[in-house]
Each structure stands twice: as C-alpha cells, then as structure tokens.
Colleague: 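One structure coming up, written as structure tokens, with questions to follow.
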Amino acid sequence: MSNDKYVSPFGERYASKEMQYIFSPDMKFKTWRKLWIALAETEKELELTDSDGNPRITDEMIEELKANADDINYEVAKEREKLVRHDVMSHVYAYGQQCPKAAGIIHLGATSCYVGDNTDVIIMTEALKLVRKKLLNVMNELSKFAMEYKDLPTLAFTHFQPAQPTTVGKRATLWLQDLYLDLQDIEYMIAQQKLLGSKGTTGTQASFLELFGGDHEKVKAIDKKIAEKMGFKDCYPVSGQTYSRKVDSRVLNVLAGIAESAHKFSNDIRLLQHLKEIEEPFEKNQIGSSAMAYKRNPMRSERIASLANYVIADMINPAITAATQWFERTLDDSANKRISIPEGFLAIDGILDLYLNVVDGLVVYDKVITKRFMEEIPFMATENIMMDAVKSGGNRQELHEKIRTYSMEAGAVVKKEGKPNDLLDRIAADPAFGKTKEELLQIMQPSLYVGRAPEQTEEFINEVIKPVLEKNSDVLGLTAEINV
C-alpha cells in the first residue's frame, strides 16, 4: 500500500470486499465487454448485413469477443485514453487489439451510454441485492433479540423522560419495523430496475434504424434481446441519451432510508449504554479513551451514526443531478455519479456490517434495568392505586389531587435530597387510599405495567417478520467482521 496519496476510508476501514468488488474497475469493464458481446449477438440474430447483403457479424467474431471478455488489457486502454481523452473509445480500441477479427463491429451503432449507463444499472442492481442480503441478516438477529427479551420490563421514554413501561424486546421491534419498511423499499426498487438498452445518441435509435435499413421491428427488438441477455426483464421504453437520472435519486433515497433506520437504532443504543442498561460489544483489548482508561465508549454505534449522516447528506447529490440535466443529456452528471453512487453503497455496506456486529453482541444488564424500573414504578402505579381507591368509594378528583401532590413531594426528595422514592409511604399513610405499604408493594410487579408488549412482540415477529426470514433463509447466517 502506498502512503503518499489519498486512500478512501471506505476501502481501508468501512466497506466489505464484496461491495468494493461490485464497484471495482474490474466489474465495470468486464460488464462493458459483456454488453458489447450482447450487442453483437443481438445484431447477428437480427440478421444485420453489410451493403452487399452479407452477414455483418459472424460466429467467429463473437467467439473471439467471448474468448477475451475477462482478459482486459488495462495498460493499452490507459495509454489510449491519454491520447483520445475518452474512456469508452479507449476500451473499444483495447478490446479491438485483442480481437482483430471483431474489431470493426465492437460497439457498432452504440453511443458511450450504451456501456456506461447499462453498466451503472447492472452494478447498482447487484449492490442493492447485497444490501438486501445484509439487511435481512440484521433483521434476523434483531428478531432473535426481540424474542429473547420480549418479557423483560423496562422503562419506556417519551422526550427521554420516564413513561409508561414497555419491554426490552418490544423496543427492539421498533428498530426492526423500520428495517422492514426499508426492506419493502429495496425490494420494490430491485424489481423496478430496467436497463437503458441501446437508444443511440439522443434516444431515438436513429443509428440502428440506419443499420437495419429502416426496419422498425428489428430495431424495436434490440432492447428486449439485450435486456434478456443481461438478466433483466426490460429496458426503459423511452430515454434521452441516458436513462433518467431520477433512477439514481430513487436508489439513493432507499439507501438514505436504511441510514435513517440505522441512525435511530444507534442513538437508542448510545443512550442505553449511558444508562448502563444495554451495551454494544466491547472487546477484551479495546481502548475506550486515550485519556480515561475506564471508559467504554459506544464506538460502533457512533460510527453507524457518522456514516448514516454521510449517506443522508449524499442523497442530495443525485437529486440535484436529476433536477439540473438539460434536454437529452449533459455531462455534468458524470463526475458526481462516479463518487456519490458508489460511496453511498459503500457507506451503507459498512453501516449494515456494524449494525449486524452490534446486534449480535449486545449485552443486556437486566438487574440495572429492573433497578431503574423499580425506582420509577411508584409513579407509574398511581393510576392503578387511584382506580382501586375509587372502586372503594373514594372521590376521583380528590384522590387525583392527593397523588399529584404526593408525587411532586416524593420527586423533590429524590432530586433535591438524593433520597429514595418515598411515594408509597406517603400514599400508605393516607387513609383515603385504604392501602397498607405491604398491599401497595404487591402491585409493584413490573410485568403488570407493560400492557401487551410481550404479545405485540410475539405477534409481530411470528406474523410479519418470521415469514420473510423463512422465505429468505438461504441468505441468512452472515457474520460481520469490523476492520477497526
């Protein structure tokens, strides 16, 4: 590795090798060659002829192209690009050097966007499939966590203030439901992906109409055949020189949605780690702080948040590009696309690896959770205590005022004097409630205050998530290694 030039942290620190390969030069240029082969095969199948009526493309030419499809002569292409300043024509030239018999028919009738745009769609589709695979694995681990802790009562928070209790597992279903929505979006986007096809310089297919002597039916068949050869159902029916840049924007919106979900999860884990209730994994030799040796910083969750911020901000790049294109195309999309699309995917890849790693190793401190719960439960139980007293003949308005006053006084003792919560003692001392301290303690069972949280968790996992995971069982079982 060279240390004298910039190296992307996505390659060194965050993204997996699998995602990096999808956006590698090798994947790109091998796909270009597959597209050129598909075009040549299509033109041969549609009986393209020369001016004398002879077949323009032969089996021998196609076999030559296939024989050299993966053996890319990169140095030849690089040297040619220095001369002609055009990446596509440089690779046409380099491929032609290896395939002298087929050199004259490579890229025949096409424009640069034939390989450029179709390859971009193919690569984004492969990347979306990898993201989907990792998303499903995170969902699988979260579902296990939710079911394991579906019955463990914990304080719920609104405005980060103690509120009506829930369970640890039920809270996990909220993270899981966000990812389920993301899964629906990504599956829709994968199903919607289409190739540009071979539309020519302004999308009219004029060059192909000329090649095929004005035969509209043959020209119409080109896109369908190319799509099938490249593993797609169809091509966009109309385009300018490029596919609509809204496609890129839609894809990045899906990635940003995953980033939003992951960020929310990471926020909650960081807050729970502050409360010492749940922690992300912390390795034996990991250092939390260079100055404070005792610290266990939530580094992985913070990294999720950091990368998620990047993806959410990156979403604006293709949106601006789509909005500012002129007529049938302008080239101010090119440099932006080379950065915003790959790095959006590389960042999401890193986020999902971190997410999977964190969920797989979450540490739950149930005794701390229960202790904090019991400190607050007297306040939570006041509604039940008041209702029991009303059933015994008490006046609801008077009892409500008494509880409000006692709650404020007990809260002041906790906050100002640092003493234990004495609300139950105050209520037990008031004959209006008709309860002894022992009787009040009997109704302080945490499980009495979580409503349907355990049942909601089971129903959600079994009825919504489990069928999805069973349907995709072949992609489950991933583990995530974190580089740093």
Side-chain angles (χ1 to χ4, degrees), residues 28-29 31-59 61-62 65 86-93 95-96 99 102-125 192-248 250 321-322 325-334 337:
K28 175 181 176 179
F29 295 123
T31 304
W32 281 15
R33 292 194 171 188
K34 289 176 183 176
L35 284 161
W36 281 323
I37 292 168
L39 179 61
E41 286 181 332
T42 296
E43 290 172 337
K44 181 181 181 298
E45 290 165 9
L46 293 172
E47 300 177 342
L48 179 65
T49 59
D50 60 21
S51 57
D52 297 325
N54 299 313
R56 182 69 183 86
I57 299 171
T58 64
D59 288 334
M61 292 175 180
I62 291 172
L65 291 174
H86 197 288
D87 56 350
V88 173
M89 294 313 296
S90 299
H91 276 268
V92 169
Y93 174 82
Y95 203 8
C99 305
I105 58 94
I106 298 171
H107 199 68
L108 184 60
T111 187
S112 298
C113 288
Y114 169 69
V115 287
D117 274 34
N118 284 317
T119 295
D120 284 349
V121 172
I122 291 166
I123 285 174
M124 283 193 294
T125 303
Q192 291 294 305
Q193 291 290 76
K194 296 179 177 66
L195 291 182
L196 168 69
S198 198
K199 297 293 200 298
T201 56
T202 60
T204 66
Q205 294 183 301
S207 57
F208 292 98
L209 199 60
E210 178 70 23
L211 278 175
F212 284 96
D215 190 328
H216 285 264
E217 292 306 311
K218 286 189 175 182
V219 175
K220 281 172 64 178
I222 293 174
D223 278 0
K224 190 71 175 176
K225 282 180 170 290
I226 288 171
E228 289 173 355
K229 291 176 186 297
M230 299 307 296
F232 283 75
K233 292 181 180 178
D234 211 347
C235 298
Y236 287 105
V238 295
S239 72
Q241 189 179 106
T242 69
Y243 63 76
S244 170
R245 293 312 185 218
K246 281 186 70 70
V247 174
D248 298 341
R250 293 173 78 195
T321 297
Q325 286 290 285
W326 298 357
F327 300 115
E328 281 65 45
R329 95 148 302 180
T330 50
L331 200 58
D332 51 350
D333 61 342
S334 177
K337 274 172 60 68

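Please read these numbers as outputs of a predicted model, since none were measured by experiment. What you see below is based on every heavy atom in this structure, not just the backbone, and it leaves out hydrogens, waters and symmetry mates.
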Colleague: Distance-only, no hydrogens or angles: does the Gln193 side chain make a donor-acceptor pair with backbone N or O of Ile122 under 3.5 Å?
Modeller: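 No; judged by distance alone, with no hydrogens or angles, the pair does not exist.
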Colleague: Who pairs with Asp59 by side-chain hydrogen bond (donor to acceptor under 3.5 Å, both in side chains), at least two apart in sequence or on another chain?
Modeller: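 Only Lys44 meet the side-chain hydrogen bond (donor to acceptor under 3.5 Å, both in side chains) criterion with Asp59.
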Colleague: Could you tell me whether the side chain of Phe327 reaches within less than 4.5 Å of the side chain of Thr202, counting heavy atoms only?
Modeller: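 Not in contact.
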Colleague: What is the distance from atom CG of Leu195 to atom CG of Asn118, rounded to the nearest 0.5 Å?
Modeller: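 Here the rounded value is 4.5 Å.
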Colleague: Has the side chain of Asp117 got a donor or acceptor atom that lies under 3.5 Å from a matching backbone atom of Thr242?
Modeller: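 No; judged by distance alone, with no hydrogens or angles, the pair does not exist.
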Colleague: Say whether, by atom type as modelled, one donor and one acceptor occur between the side chain of Tyr243 and the main chain of Asp248 under 3.5 angstrom.
Modeller: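 Pair absent, no side-chain N/O of Tyr243 close to backbone of Asp248.
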Colleague: Which of parallel (below 30°), tilted (30 to 60°) and perpendicular (above 60°) describes His107 and Trp36?
Modeller: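 It falls in the perpendicular class, over 60°.
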Colleague: Provide the closest heavy-atom pair for Glu43 versus Leu108 in the form atom of the first, atom of the second, distance.
Modeller: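 Scanning both residues completely, I find the closest heavy atoms to be OE2-O, 2.8 Å.
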Colleague: To the closest 0.5 Å, what do you measure between CG (Leu48) and CD1 (Ile57)?
Modeller: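 So the CG of Leu48 and the CD1 of Ile57 are separated by 5.5 Å.
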Colleague: Is the backbone N or O of Val247 less than 3.5 Å from a side-chain atom of Ser244, with the two atoms forming a donor-acceptor pair by type?
Modeller: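 A pair under 3.5 Å: no.
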Colleague: Is there a donor-acceptor contact under 3.5 Å from the side chain of Asp50 to the main chain of Arg56?
Modeller: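 No, because the side chain of Asp50 does not come within donor-acceptor range (under 3.5 Å) of the backbone of Arg56.
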Colleague: Between Ala221 and Leu46, what is the shortest heavy-atom contact and its length?
Modeller: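 So the two residues come closest at CB-CD2, 4.0 Å.
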Colleague: Check the side chains of Thr330 and Gln325 for a donor-acceptor pair under 3.5 angstrom, ignoring hydrogens and angles.
Modeller: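 Distance-only check passes for Gln325 and Thr330.
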Colleague: For the residue pair Asp223 and Tyr236, confirm or rule out a side-chain donor-acceptor distance under 3.5 Å.
Modeller: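 Tyr236 and Asp223 do not have a side-chain donor-acceptor pair below 3.5 Å.
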Colleague: If the condition is side chain to side chain contact (heavy atoms under 4.5 Å, CB included), which residues does Ala322 pass it with, not counting sequence neighbours?
Modeller: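 Expected list: Arg245, Lys246.
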Colleague: Which atoms form the tightest heavy-atom contact between Ile105 and Ala40, and what is the distance?
Modeller: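 Reported closest heavy-atom pair: CD1-CB, 4.0 Å.
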Colleague: Please check if the side chain of Ser207 supplies one atom and the backbone of Gly109 the other of a donor-acceptor pair under 3.5 Å.
Modeller: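 Present.
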Colleague: CD of Glu47: more than 12 outside heavy atoms within 6.0 angstrom?
Modeller: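 No, CD of Glu47 has 12 or fewer neighbouring heavy atoms, counting only those of other groups under 6.0 Å.
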Colleague: How long is the gap from CG on Asp332 to OG1 on Thr321, to the nearest 0.5 Å?
Modeller: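 The OG1 atom of Thr321 is 7.0 Å from CG of Asp332, to the nearest 0.5 Å.
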Colleague: Counting only heavy atoms not in Lys194 (residues, nucleotides, ligands), do more than 12 fall under 6.0 Å from its NZ?
Modeller: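 Count over threshold, so yes.
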Colleague: Going from NZ on Lys229 to CD1 on Ile37, what distance comes out if it is rounded to the nearest 0.5 angstrom?
Modeller: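 Those atoms lie 10.5 Å apart.
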Colleague: If I compare all heavy atoms of Ala110 with all of Leu39, which pair ends up nearest, and what's the gap?
Modeller: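 In terms of heavy atoms, the two residues are closest at CB-CD2, 4.0 Å.
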Colleague: Okay, side chain of Gln241, backbone of Thr201: is any donor-acceptor separation there less than 3.5 Å?
Modeller: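 Between the backbone of Thr201 and the side chain of Gln241 there is a qualifying donor-acceptor contact (under 3.5 Å).
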